[in-house]
Amino acid sequence: MRIRRLHSWDLDPARAIRLQEELRTRVRLVPPPSRPRIVAGADCAFTPDGKTVVAVVVALELPSLREAARAEGRAPVRFPYVPGLLSFREAPALLQAFRRLPLVPDVVLFDGQGLAHPRRMGLATHLGLWLELPTVGVAKSRLTGRAPDPGPLRGSYRTLRDAGEPLGRVLRTRDGVRPLYVSPGHLCDIPGAARLVLRTGRGFRLPEPTRLADREVGRLARRPPA
DNA sequence: GCGACAG
DNA sequence: ATCTTGTCGC
């Protein structure tokens, strides 16, 4: 798919924070498509030497959840891991994978936060602006905000908030398993984000698009380039 | 100054 | 993210 360049990724942490504060004004929290045809999932991993970021995007068809396409991207690591600035470390590789993807998804799920971020600009939100597509943040642990524990069954959830402001949901995607931190990225809202995650799940903790991307990127990172 | 801290 | 064996549970 074609992607419009929004800005440079060659920044230092201080400038990255200023950019996030500037970009947050462009985010739109609106209901995502109710009947998406193609839902993609993206994730990253690092090569054993820690010098390269490998990204994989897997696009699935709904409601069958059958694979429609997948693509890989690589980029040198040129930004440190700083909580709150994850997109500056992983986006270059992710964007290359999307440029190589032979179709345009209706929605994209990312491994990380969306709105549930200190400046409301998590990885899913930032990439949503670049892709100009509805995106959802699906994180395995908390970055910002608090919420009571959700019930023990799949589907139960509690609103994640920061000083009263709703940021997303702590959602149980499998009975008795640690919940996921789901928040809207761009062109999405809180109920829509949670609904998309539940609709693309198959009984595993992670929704299928993200789970398949995660599994594939893990193997690729430990094997020569394609 | 002391914790907290996506991947 | 990544380093790492066995082990508890269904």
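Order of the sequence lines sets the chain letters (A, B, ...), proteins ahead of strands, with each chain counted from 1.
- Between the CG atom of A/D162 and the P atom of B/dC5 there is a distance of 13 Å, rounded to whole Å.
- The shortest distance between the side-chain N/O atoms of A/T144 and the OP1/OP2 oxygens of B/dC5 is not below 4.0 Å.
- Taking only side-chain nitrogens and oxygens, A/R142 never comes nearer than 4.0 Å to OP1 or OP2 of B/dA6.
- Using cut-offs of 30° and 60° on the angle between ring planes, the pair A/H7 and A/W130 is perpendicular.
- Counting non-hydrogen atoms under 4.0 angstrom, A/Y81 reaches a base of the nucleic acid.
- Here the P atom of nucleotide C/dA1 and the CZ atom of A/R89 are 11 Å apart, to the nearest Å.
- The distance from atom OH of A/Y181 to atom P of B/dG7 is 10 Å, rounded to the nearest whole Å.
- For A/D49 and C/dA1, the CG to C1' distance is 13 Å, given to the nearest whole Å.
- Taking the side chain as every heavy atom from C-beta outward, A/R199 and A/P36 approach each other to under 4.5 Å.
- A close approach under 4.0 Å does occur between a side-chain nitrogen or oxygen of A/K140 and OP1 or OP2 of B/dG7.
- Among the heavy atoms of the strands lying under 4.0 Å from A/G84 is at least one base atom, whether or not backbone atoms are also near.
- The CZ atom of A/F110 sits 15 Å away from the P atom of B/dG7 (whole-angstrom rounding).
- With 3.5 Å as the limit, one finds no donor-acceptor pair spanning the side chains of A/D10 and A/S8.
- Residue A/L180 is out of contact with every strand shown, counting any heavy-atom pair closer than 4.0 Å.
- Atom CD1 in A/I17 sits about 18 Å away from atom P in B/dC5, given to the nearest Å.
- Other residues, nucleotides and ligands contribute only 12 or fewer heavy atoms inside 6.0 Å of the CZ atom of A/R178.
- As a whole-Å value, the separation of A/R178 CZ from C/dG9 C1' is 17 Å.
- In summary, A/D106 and A/R35 do not engage in a salt bridge, as defined by a charged side-chain N under 4.0 Å from a carboxylate O.
- The CZ-P distance, from A/F79 to B/dA6, rounds to 15 Å in whole Å.
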